[in-house]
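Every heavy atom of this structure was used, including side-chain atoms; hydrogens, water molecules and symmetry mates were not.
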Amino acid sequence: MKNILITGLPGCGKTTMIRKLAEIFKEFNAAGFYTTEIVEDNQRTGFLVGSLFGDTRVFAHVNLNSKHVAGKYRIDIKGFEALLDSVFFNEKKTGVYFIDEIGKMHCQSKKFSKLIVDLLDAEKPFIASISDKGTGLISDIKKRDDVMIVEIKHENADAILKMLTMKIRDLLLE
């Protein structure tokens, strides 16, 4: 199975796992992005998205001016989709895709939702973190019979990293 979804409770290490795996497999022209928190005055105030190549931009923030909202955050869908364009739609030599994460905020972008389905249906390995809860696209993806779901916890993170490294290496060398 070439589609691997990493799930777990918030703060369990999904983003760290995706970033470590992307670093391990960068020689295969890995493409993708990660999401990280913006913390100001010890409070989470938003999220950045960053490509594996180092480009980052504010994805969601309490002070953004946007009609797209998730909880207390306002989402910059146009900026997010511009990042998606720069990461996914120009690269033909990519051997493996990493996405952190398939979450409620991300799924407000129709372009993102279509991209996820396209990557799941493509032939190249696709590794993504996904919210532990969610409806719509999130629950639909988890029901697919072509995905392997791996739950990460702090206690099993090292073992999961080793297992996924071997699994992805096997997929890339097939």
Side-chain angles (χ1 to χ4, degrees), residues 3-66 68-120 122 124-132 134 137-138 141 150 152 157 160-161 164-165 168 172:
N3 296 318
I4 300 169
L5 301 177
I6 301 166
T7 190
L9 296 172
C12 69
K14 296 182 296 287
T15 298
T16 301
M17 182 70 62
I18 291 287
R19 291 182 82 163
K20 284 180 179 177
L21 290 167
E23 181 63 27
I24 290 167
F25 293 104
K26 68 181 176 189
E27 73 212 55
F28 290 92
N29 292 311
F33 71 87
Y34 60 89
T35 308
T36 187
E37 295 180 348
I38 299 170
V39 178
E40 298 165 328
D41 298 325
N42 294 322
Q43 296 282 322
R44 183 171 70 192
T45 56
F47 297 90
L48 291 174
V49 285
S51 76
L52 300 183
F53 319 116
D55 309 332
T56 61
R57 64 180 63 212
V58 174
F59 170 50
H61 198 277
V62 292
N63 295 327
L64 266 180
N65 184 8
S66 171
H68 299 281
V69 179
K72 65 181 181 179
Y73 305 105
R74 299 196 166 271
I75 306 161
D76 180 4
I77 296 288
K78 282 190 178 136
F80 178 51
E81 291 180 346
L83 181 95
L84 294 177
D85 285 341
S86 72
V87 171
F88 293 100
F89 297 106
N90 300 327
E91 184 55 65
K92 300 292 179 233
K93 300 178 302 234
T94 300
V96 58
Y97 294 100
F98 292 98
I99 289 188
D100 171 60
E101 84 179 87
I102 302 170
K104 183 178 171 185
M105 285 191 285
H106 303 80
C107 290
Q108 289 194 35
S109 162
K110 288 184 174 77
K111 181 178 273 196
F112 174 77
S113 297
K114 180 183 180 329
L115 171 69
I116 294 303
V117 173
D118 289 349
L119 292 175
L120 285 162
K124 295 177 181 171
F126 173 67
I127 296 83
S129 63
I130 190 164
S131 296
D132 61 323
L137 181 66
I138 293 168
I141 290 170
V150 177
I152 183 174
I160 296 282
L161 179 62
L164 289 177
T165 299
I168 296 164
L172 289 166

To the closest 0.5 Å, what do you measure between [atom1] ([X]) and [atom2] ([Y])?
| X | Y | atom1 | atom2 | answer |
| --- | --- | --- | --- | --- |
| Phe98 | Phe25 | CZ | CZ | 6.0 Å |
| Thr165 | Ile24 | OG1 | CD1 | 3.5 Å |
| Ile138 | Lys104 | CD1 | NZ | 9.0 Å |
| Leu164 | Leu21 | CG | CG | 5.5 Å |
| Tyr97 | Lys124 | OH | NZ | 4.5 Å |
| Phe80 | Phe59 | CZ | CZ | 5.0 Å |

Subject >> Chi angles and distances behind the side chain to side chain contact (heavy atoms under 4.5 Å, CB included) call for Ile38, Phe47 >> reply: CA-CA 5 Å; Ile38 299 170; Phe47 297 90; 5.6 Å; no
Original post:
Are Phe33 and His106 close enough, and set up right, to give a side chain to side chain contact (heavy atoms under 4.5 Å, CB included), and what steps lead you there?
Top reply: CA-CA 12 Å; Phe33 71 87; His106 303 80; 3.9 Å; yes
Any side-chain heavy atom of [X] within less than 4.5 Å of one from [Y]?
| X | Y | result |
| --- | --- | --- |
| Ile77 | Gln108 | yes |
| Tyr73 | Thr45 | no |
| Val69 | Ile75 | no |
| Asp55 | Leu83 | yes |
| Arg74 | Met105 | no |
| Asp118 | Phe88 | no |

So does [Y] get a backbone contact from the side chain of [X], meaning a donor-acceptor N/O pair under 3.5 Å?
| X | Y | result |
| --- | --- | --- |
| Glu101 | Thr35 | no |
| Lys14 | Ile6 | no |
| Ser66 | His68 | yes |
| Arg57 | Gly79 | yes |
| Ser131 | Gly134 | no |
| Ser129 | Thr7 | no |
| Asp100 | Ile18 | no |

**OP:** Decide if atom NZ of Lys111 counts as having more than 12 heavy atoms of other residues, nucleotides or ligands within a radius under 6.0 Å.
**Re:** yes
If you take all heavy atoms of [X] and [Y], which pair is closest and at what distance?
| X | Y | value |
| --- | --- | --- |
| Ile99 | Leu119 | CD1-CD1, 3.8 Å |
| Ala128 | Ile102 | CB-CD1, 3.8 Å |
| Cys107 | Ser113 | O-OG, 3.4 Å |
| Pro10 | Asp132 | CD-OD1, 4.2 Å |
| Cys12 | Ile152 | SG-CG2, 3.3 Å |
| Gly95 | Leu172 | O-CD2, 3.3 Å |

Original post:
How far apart are the C-alpha atoms of Glu23 and Lys26, what are their side-chain angles, what is the distance that settles it, and do they pass the salt bridge (charged side-chain N to carboxylate O under 4.0 Å, His left out) test?
Top reply: CA-CA 5 Å; Glu23 181 63 27; Lys26 68 181 176 189; 2.7 Å; yes
Subject >> Worked verdict on Ile160 versus Met17 for side chain to side chain contact (heavy atoms under 4.5 Å, CB included) >> reply: CA-CA 9 Å; Ile160 296 282; Met17 182 70 62; 3.9 Å; yes
**OP:** May I have the step-by-step check of side chain to side chain contact (heavy atoms under 4.5 Å, CB included) for Ile141 and Val117, ending in yes or no?
**Re:** CA-CA 8 Å; Ile141 290 170; Val117 173; 5.8 Å; no
**OP:** For the pair Glu81 and Lys78, find out whether any cationic side-chain nitrogen is under 4.0 Å from an anionic carboxylate oxygen.
**Re:** no
